[in-house]
K.L.:
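For reference, the structure I am asking about is given below.
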Amino acid sequence: EMCIRDSTVRECYEAYVVWNFYTYCMVYLQEFCVPGLEHALARKPRQHHLWPISVILGPPRVGEPFVRFCRHGIIQFVTLRPFCASIAFLTEAKGVYGDGQIMNPYVSYPYLAFVNNLSAAWAMYCLVLLYRATREELAPISPFYKFASVKAIIFFSFWQSMLIAFLVNRGIIRVNWIDPTWSDYDKADCANAIQEFLICVEMFFFAILEASINMVQQMSQEQYVFPN
């Protein structure tokens with residue numbers, strides 16, 4: 001129960017981080033694009049989708065429709081992530097969540113994992129489109145490395161949990177070394193324990209990376225505002 005509660009809080013915070021990063025870029029663009037962001041984008045060529053999305057969707061119209069397209073792609077993740085986390089919490093209380101049971105069709109975990117991954121992938125794709133269209137305007141604040149760190153945290157941690165769950169379920173990572181006299185961990189508990197431990201270690205290095213990026217960006221912005 002404590003594990004699913006912590007996972008729920010973490011997933012809601014991931015949505016909060018993505019929304020804040022999007023807001024950070026949009027506030028800067030709205031403030032410094034003259035006569036406005038929509039007008040600046042309207043003067044640019046249409047942004048074609050990347051493959052394979054380009055096979056399914058045509059390029060969105062430039063200007064305000066393009067901004068709305070990217071905004072909706074991010075909002076769906078920000079709203080869907082806490083919703084799926086709430087469903088995970090409720091199904092865990094009913095005993096049908098099946099945390100880590102990626103191959104079990106009778107629990108909610110594989111379905112929620114699929115929806116979460118699809119939603120996060122679309123949100124990150126919309127951020128990529130927005131950055132590709134406005135990279136010249138965003139150059140003074142250099143958001144690329146911040147975006148890369150946000151993307152790495154969300155996708156790396158998710159796919160790492162999927163990989164660990166798969167390896168444990170396939171018996172490649174064995175749980176029979178656990179002494180039953182001091183622990184009753186099953187396969188799902190073992191996968192969760194490995195994932196949570198790795199996240200604790202990885203977040204330490206991500207924090208150092210984020211602090212280094214902020215320091216470099218602050219120095220570059222000072223040189224941009226106060227050139228020698």
Side-chain angles (χ1 to χ4, degrees), residues 1-28 67-102 104 107-131 143-166 188-211 213-214:
E1 183 179 352
M2 183 177 296
C3 180
I4 188 63
R5 184 172 65 247
D6 293 342
S7 298
T8 302
V9 174
R10 185 180 70 243
E11 290 179 359
C12 292
Y13 183 73
E14 288 175 355
Y16 173 76
V17 169
V18 171
W19 178 252
N20 274 275
F21 176 77
Y22 167 76
T23 304
Y24 167 70
C25 294
M26 291 304 296
V27 167
Y28 178 85
V67 176
R68 185 172 64 249
F69 177 86
C70 295
R71 181 173 64 249
H72 288 174
I74 295 162
I75 289 177
Q76 61 81 25
F77 171 75
V78 174
T79 56
L80 193 60
R81 192 74 161 185
F83 178 73
C84 289
S86 301
I87 293 178
F89 190 81
L90 293 174
T91 53
E92 173 67 18
K94 296 294 184 179
V96 292
Y97 178 56
D99 195 5
Q101 301 178 30
I102 192 172
N104 186 355
V107 295
S108 64
Y109 177 80
Y111 306 104
L112 291 176
F114 174 78
V115 172
N116 275 327
N117 186 50
L118 187 64
S119 175
W122 185 251
M124 294 299 105
Y125 175 76
C126 290
L127 282 176
V128 169
L129 281 183
L130 180 65
Y131 175 76
F144 175 78
Y145 295 105
K146 285 182 177 292
F147 168 74
S149 63
V150 169
K151 187 174 181 180
I153 289 173
I154 294 177
F155 273 98
F156 180 77
S157 61
F158 176 82
W159 283 109
Q160 178 179 265
S161 66
M162 293 293 100
L163 177 62
I164 292 173
F166 177 79
D189 294 329
C190 182
N192 289 329
I194 295 172
Q195 169 70 358
E196 299 302 329
F197 173 76
L198 290 177
I199 285 180
C200 290
V201 175
E202 291 158 1
M203 288 305 105
F204 172 75
F205 294 102
F206 271 121
I208 295 176
L209 176 62
E210 186 69 17
I213 291 173
N214 290 334

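These numbers come from the heavy atoms of this one structure, side chains and all, not from hydrogens, waters or symmetry mates.
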K.L.:
Please test F83 against I87 for side-chain contact (heavy atoms from CB on, under 4.5 Å), starting from the C-alpha separation and ending with a verdict.
P.N.:
CA-CA 6 Å; F83 178 73; I87 293 178; 3.3 Å; yes
K.L.:
How far apart are the C-alpha atoms of Y131 and L127, what are their side-chain angles, what is the distance that settles it, and do they pass the side-chain contact (heavy atoms from CB on, under 4.5 Å) test?
P.N.:
CA-CA 6 Å; Y131 175 76; L127 282 176; over 6 Å; no
K.L.:
Give, for atom SG of C84 and atom CG of N117, the distance between the pair rounded to the nearest 0.5 Å.
P.N.:
11.5 Å
K.L.:
Between W122 and L118, is there a side-chain heavy-atom distance shorter than 4.5 Å?
P.N.:
no
K.L.:
Can you find a pair of side-chain heavy atoms, one from M124 and one from V18, that are under 4.5 Å apart?
P.N.:
yes
K.L.:
Measuring from C70:SG to M26:CE, what's the distance to the nearest 0.5 Å?
P.N.:
8.5 Å
K.L.:
Centroid-to-centroid, Y22 to W19, below 6.0 Å?
P.N.:
yes
K.L.:
Of all heavy-atom pairs between Q76 and S119, which one has the smallest distance, and what is that distance?
P.N.:
OE1-OG, 2.8 Å
K.L.:
First locate atom NE2 of H72, then atom OG1 of T79, and finally report the distance between them rounded to the nearest 0.5 Å.
P.N.:
10.5 Å
K.L.:
Taking all heavy atoms of F77 and all of E14, pick out the closest pair and write down the distance.
P.N.:
CE2-O, 4.2 Å
K.L.:
With no hydrogens and no angle check, is any side-chain donor or acceptor of N20 less than 3.5 Å from a backbone partner on Y16?
P.N.:
yes
K.L.:
Give me the atom names and distance for the closest heavy-atom approach of I74 to C126.
P.N.:
CG1-CB, 4.3 Å
K.L.:
What's the spacing between T91 OG1 and Y111 OH if we round to 0.5 Å?
P.N.:
12.5 Å
